[in-house]
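Being a predicted model, the structure only gives us computed values, none of them experimental. In what follows, every heavy atom counts, from backbone to side chain, and hydrogens, waters and symmetry copies are set aside. So you know, we letter chains A, B, ... as the sequences are listed, proteins then strands, and number each from 1.
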Number of protein chains: 2
Amino acid sequence: MNSRSGMLSIGTLAKATGVASPTIRYYEDIGLLPKPRRTTSDQRIYDESDKERLIFIRRCRDFGFSINQVRLLAGLSISPDQNCREVRDIAHAHLTDVRAKLKELRALEKSLTGFVEQCDAACSGGPGRECLVFKDIAKPENNKCC
Amino acid sequence: MNSRSGMLSIGTLAKATGVASPTIRYYEDIGLLPKPRRTTSDQRIYDESDKERLIFIRRCRDFGFSINQVRLLAGLSISPDQNCREVRDIAHAHLTDVRAKLKELRALEKSLTGFVEQCDAACSGGPGRECLVFKDIAKPENNKCC
DNA sequence: CCTAAACCTTCAAGTAACTTGAAGGACAAC
DNA sequence: GTTGTCCTTCAAGTTACTTGAAGGTTTAGG
């Protein structure tokens, strides 16, 4: 199947969008992408609007939106009255998630940095019989247990 | 099964460590936790060393180490010559991952913030027929495709 | 003692978001 | 025609849990 007048095979679409063929089929399976037309030999034929939709999906995924969120966003993008407010709310909720995750990761970075530095200090004479770091891991300084 | 002289049922261990019973069984299944003794009625009996090991595992998971990394770390923690250098290397590799992820998330936060602000600006007069944000998503400014 | 509730067991499948592999057909280039 | 690449569907694998079914045991209260 050669690409003519905007008609794309799945492999060509995959290359054009950076989304793997199996993933494209997966998205179709879960209803995120509409079922495309087929050739007489049953191969999928995609057009430019399919390509745009897939790019949209990929971008949303890149942004870290879950499949369900992407589903919502995609639905909003094609609804007659595109409701920017809803989109904004979804994005904002996600932004909140991202900020929480950032906070976590910053704390983690700090812990790990201390960890590695402590490890470097403890091992400056070579491997020790009792690694202090393990004690640190096994005995929480701040008991985070519920 | 009541908790006496350090003997813990799985449920008690779960409460003591914040790790769910099914997860404890899962860890045993995948060899991360040793198989514990059993009662005459086949219930698991854990002791303090099991508890410490589970806390260790949980802490490593909290740090974001994968199960395989935790497996390595746990192995190192009980080896006769505890090799702090290897621990440090594992932790350092993970720290590198965390930093990369932080970088990603910061960029994402920036994008999403701009996204939400743009959305707020576009919708200040209420829902628009053409949401500019969708166009932004569908048309990458920087083409990140391979 | 009985009963009900809570706990235990194993086994298997579900979750999320893909990814891989088997088996077989179609297409393109030489 | 042949070979290599692409296509199809179906199903299972990946990672790290989580849930649910079916059945047994323990604990607490009447």
Side-chain angles (χ1 to χ4, degrees), chain A residues 1-4 7-33 35-47 50 54 56-74 94 97 101 104 108 146, chain B residues 1-4 7-33 35-46 50 54 56-74 94 97 101 104 146:
Chain A
M1 158 120 190
N2 57 349
S3 172
R4 53 178 189 174
M7 301 296 99
L8 304 165
S9 71
I10 192 168
T12 309
L13 183 66
K15 287 191 185 64
T17 59
V19 182
S21 301
T23 308
I24 297 175
R25 281 189 281 263
Y26 170 67
Y27 288 160
E28 179 190 323
D29 276 353
I30 62 175
L32 203 49
L33 269 182
K35 291 185 185 304
R37 281 162 303 157
R38 301 277 182 138
T39 64
T40 51
S41 54
D42 210 31
Q43 299 193 6
R44 293 170 174 78
I45 313 174
Y46 295 98
D47 60 29
D50 295 316
L54 186 57
F56 176 81
I57 289 167
R58 187 196 163 194
R59 290 268 291 173
C60 292
R61 292 291 300 128
D62 284 347
F63 274 93
F65 290 105
S66 70
I67 292 282
N68 267 343
Q69 286 170 328
V70 177
R71 203 188 300 277
L72 288 179
L73 291 172
H94 184 44
D97 288 347
K101 187 70 186 182
E104 268 182 58
L108 179 54
C146 312
Chain B
M1 155 115 194
N2 55 351
S3 171
R4 50 177 188 175
M7 301 296 102
L8 304 166
S9 71
I10 192 167
T12 309
L13 182 66
K15 288 192 186 63
T17 58
V19 182
S21 302
T23 307
I24 296 175
R25 280 191 281 263
Y26 170 67
Y27 287 160
E28 181 190 321
D29 276 354
I30 62 175
L32 203 51
L33 268 183
K35 290 185 187 301
R37 281 162 305 156
R38 301 274 182 141
T39 64
T40 52
S41 55
D42 210 27
Q43 299 192 7
R44 293 170 173 81
I45 313 173
Y46 296 97
D50 295 317
L54 187 56
F56 176 82
I57 288 166
R58 189 198 163 196
R59 289 267 292 174
C60 291
R61 292 289 301 128
D62 284 348
F63 273 91
F65 291 104
S66 69
I67 292 283
N68 267 343
Q69 286 170 327
V70 176
R71 202 186 303 275
L72 288 179
L73 292 170
H94 183 43
D97 288 348
K101 187 71 184 179
E104 268 182 59
C146 313

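- Proximity note for B:Lys15 (side chain, C-beta onward) versus C:dC7, C:dT19, C:dT9: the nearest is C:dC7.
- The side chain of B:Thr39 contributes no N or O atom lying less than 4.0 Å from OP1 or OP2 of C:dC8.
- Rounded to a whole Å, the CZ atom of A:Phe63 is 18 Å from the P atom of C:dA17.
- The side-chain heavy atoms of A:Leu33 and A:Asp50, taken from C-beta on, include no pair separated by under 4.5 Å.
- Taking atom CD of B:Gln43 as the reference point, atom C1' of C:dC8 lies 4 Å away to the nearest angstrom.
- For the pair A:Arg58 CZ and C:dC18 C1', the computed distance is 15 Å after rounding to whole Å.
- A:Tyr26 meets the side-chain contact (heavy atoms from CB on, under 4.5 Å) test with A:Ile30; sequence neighbours excluded.
- Annotation for A:Leu8 and A:Asp47: closest pair CD1-O, 4.5 Å, computed over non-hydrogen atoms.
- Closest heavy-atom contact between A:Gly11 and A:Ser21: CA-OG, 3.9 Å.
- Remark: P of C:dC7 and CD1 of B:Ile45 are 18 Å apart, rounded to the nearest angstrom.
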Close N/O contacts between protein and nucleotides 15-17 of chain D (under 3.5 Å):
from   : atom 1 : to      : atom 2 : distance (Å)
D:dA16 : OP1    : B:Ile67 : N      : 3.2
D:dA16 : O3'    : B:Arg61 : NH2    : 3.4
D:dC17 : OP2    : B:Tyr27 : OH     : 3.1
D:dC17 : OP2    : B:Arg61 : NE     : 2.5
D:dC17 : OP2    : B:Arg61 : NH2    : 3.3

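- Residues A:Val19 and A:Ile24 share a closest heavy-atom pair of O-CD1, 3.6 Å.
- Distance CZ (B:Arg44) to C1' (D:dG24): 14 Å, rounded to an integer number of Å.
- Expressed to the nearest 0.5 Å, how far OG1 of A:Thr17 lies from OH of A:Tyr46 amounts to 9.5 Å.
- Summarising the geometry, the separation between CG on A:Asp29 and P on D:dC10 is reported as 9 Å, rounded to the nearest angstrom.
- Of all the heavy atoms in B:Glu28 and B:Pro36, the pair that sits closest is OE1-CD, 3.5 Å.
- Here the P atom of nucleotide D:dT25 and the CD1 atom of B:Ile10 are 17 Å apart, to the nearest Å.
- Residue B:Arg25 places at least one side-chain N or O closer than 4.0 Å to OP1 or OP2 of C:dT9.
- Residue whose closest nucleotide on DNA chain C sits further toward the 5' end, between A:Ser41 and B:Arg38: B:Arg38.
- Straight-line distance from the CD1 atom of A:Ile30 to the P atom of C:dA16: 10 Å, rounded to whole Å.
- Closest to the A:Ala20 side chain, of the nucleotides D:dG24, C:dT19, C:dT10, is C:dT19.
- The residue among A:Ser21 and B:Thr40 whose nearest nucleotide of DNA chain D lies closer to the 5′ end is A:Ser21.
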